Protein chains: 2
Amino acid sequence: MAGATRSRLGQDERRAQLLELGGRLFTIRAYDEVSIDDIAASAGVSKGLLYHYFPSKRELYVATLQLNAGKLVEDITPKPDTPRDQRLVAGINAFLDHVGENSVGYSSLMRGGIGNDAEVAKVVDETRDAIIAIIFEGFGGGDPPVGLRLAARGWIGFMEAAGVEWAEKREVPRETMVAMATQVLQAALVSSRPS
Amino acid sequence: MAGATRSRLGQDERRAQLLELGGRLFTIRAYDEVSIDDIAASAGVSKGLLYHYFPSKRELYVATLQLNAGKLVEDITPKPDTPRDQRLVAGINAFLDHVGENSVGYSSLMRGGIGNDAEVAKVVDETRDAIIAIIFEGFGGGDPPVGLRLAARGWIGFMEAAGVEWAEKREVPRETMVAMATQVLQAALVSSRPS
DNA sequence: CCGGTTTGTTGAACTAGAGTCAACTGGAGC
DNA sequence: GCTCCAGTTGACTCTAGTTCAACAAACCGG
């Protein structure tokens, strides 16, 4: 199905290929509508080989999530030469770009895949924590007090929801979306102080 | 396992019982860790009977989601005798209560269950739309312009994220959480106007 | 009471697909 | 050309979702 000649690949290449292919299938169809055989077939490879690289279908799925999550975090991490006061807006724009290019994959990531599954939840939570860390890094670093953390957590929820909706429909200009994002973050942070 | 004597039930009773039991199991374990046999056993009933009431495991799962979603929407719908200007706060409090009593079920609902599944996504989206409708109902009714809709959609994401976190950890007082919620909604709505 | 009918219920049989494993093979190095 | 090993296979097992023909508790007319 894939490349003409089915050749032997090195561990890393094959693993990467299967991850990539698996990730693609999981974004078009639901978890239990994608069979191991499908993935194997689309790679032109036997089912057994998949189990040589991943201990189970679930692990493979989690690995594809991790791949996506890693890309997201990388995308929104500010480049060191970005001035402090522009990092937030840059990050928001990077987030919108990422979601725009990858909206199905992103929502399947953030929607958490397989029902409430512990491992999946872990990936999602860690990703969110990483984003929170990036936000407060930009604001000066250090562990924020609980109120601020809660505000940041909520704001990420806001971005996940509004970002996906915006990227899919583009009903308002990008500046408006960015303005909403910054205003909401500010409101959340300010109002989280137990005055 | 359940009631002592296994008696015949009417269609509605049995269906309700299976829904209830299924819902409970799906909130403690992941979708594919709950088997049809588990559900049947916990109802003291044969596996075949489940298929008399629900066409497939998936449909049963979706039905439990719908049940939860319905309860949520019902909970946060303002009572007609609540004055207009108190409805938002009342709704937020109802939401926090609902999530607090039912946080696992709620997140498994909003996280979307089985990977990105069309039917599940439909339930989730409809629930969110219902909530948006309730919000704007409180603000005067009618279909909001797209910017406001986006703001509301984002705010629901905020509430889902912050609400679950708050309900689980209770690290800040309820008033603070409610204040954050109202401030964030206001900020979102205001900043959504393409000035 | 009793046969018939309706309707809830069962259990065995079927099947798809996840996971296992011993055997096979392309190709790099000698 | 031979050896050896990492990469690969395909046939097998087994769990769990799904189907279905038969069974039984309640209801009813006689």
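For clarity, every value in this text was computed on a predicted model and none was experimentally measured. Protein chains get the first letters and strands the later ones, always in sequence-line order, with residue 1 at the start of each.
- To the nearest angstrom, P of C/dG11 lies 11 Å from CG of B/Leu49.
- Rounded to whole angstrom, the span from the OH atom of A/Tyr53 across to the C1' atom of D/dT9 amounts to 13 Å.
- Cation-pi geometry between B/Arg153 and B/Trp155 is not met: the NZ or CZ atom fails to fall both under 6.0 Å from the ring centre and inside 45° of the normal.
- If you take NE2 of A/His52 and P of C/dA22, they are 15 Å apart, rounded to a whole angstrom.
- If you take CD of B/Glu33 and C1' of C/dA18, they are 14 Å apart, rounded to a whole angstrom.
- The pair B/Arg149-B/Asp129 meets the salt-bridge criterion, since a charged nitrogen lies less than 4.0 angstrom from a carboxylate oxygen.
- The pair B/Glu160-B/Arg128 meets the salt-bridge criterion, with a side-chain N (NZ, NE, NH1 or NH2) lying under 4.0 Å from an Asp/Glu carboxylate O.
- Under 4.0 angstrom from either OP1 or OP2 of D/dG7 there lies at least one side-chain N or O belonging to A/Gln11.
- Residue B/Arg15 places none of its side-chain N or O atoms closer than 4.0 Å to OP1 or OP2 of C/dG8.
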What donor-acceptor contacts under 3.5 angstrom involve side-chain atoms of residues 90-103 of chain A, with partners at least two apart or in another chain?
unit_1: A/Asn93; atom_1: OD1; unit_2: A/Arg174; atom_2: NH1; d: 2.7
unit_1: A/Asn93; atom_1: ND2; unit_2: A/Val89; atom_2: O; d: 3.2
unit_1: A/Asp97; atom_1: OD1; unit_2: A/Arg174; atom_2: NH1; d: 3.4
unit_1: A/Asp97; atom_1: OD1; unit_2: A/Arg174; atom_2: NH2; d: 2.6
unit_1: A/His98; atom_1: ND1; unit_2: A/Asp75; atom_2: OD2; d: 2.8

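- For A/Arg87, there are no side-chain hydrogen bond (donor to acceptor under 3.5 Å, both in side chains) partners at least two apart in sequence or on another chain.
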Does the protein touch nucleotides 11-19 of chain D at the base, only the backbone, or not at all? Give it as B, S and - per nucleotide, heavy atoms under 4.0 Å. ------BBB
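- If you take CD1 of A/Ile39 and P of C/dG19, they are 11 Å apart, rounded to a whole angstrom.
- For the atom pair OG1 (B/Thr64) and CZ (B/Arg24), the distance works out to 12.5 Å, reported to the nearest 0.5 Å.
- Within 4.0 Å of B/Phe54, counting heavy atoms only, lies no atom of the nucleic acid at all.
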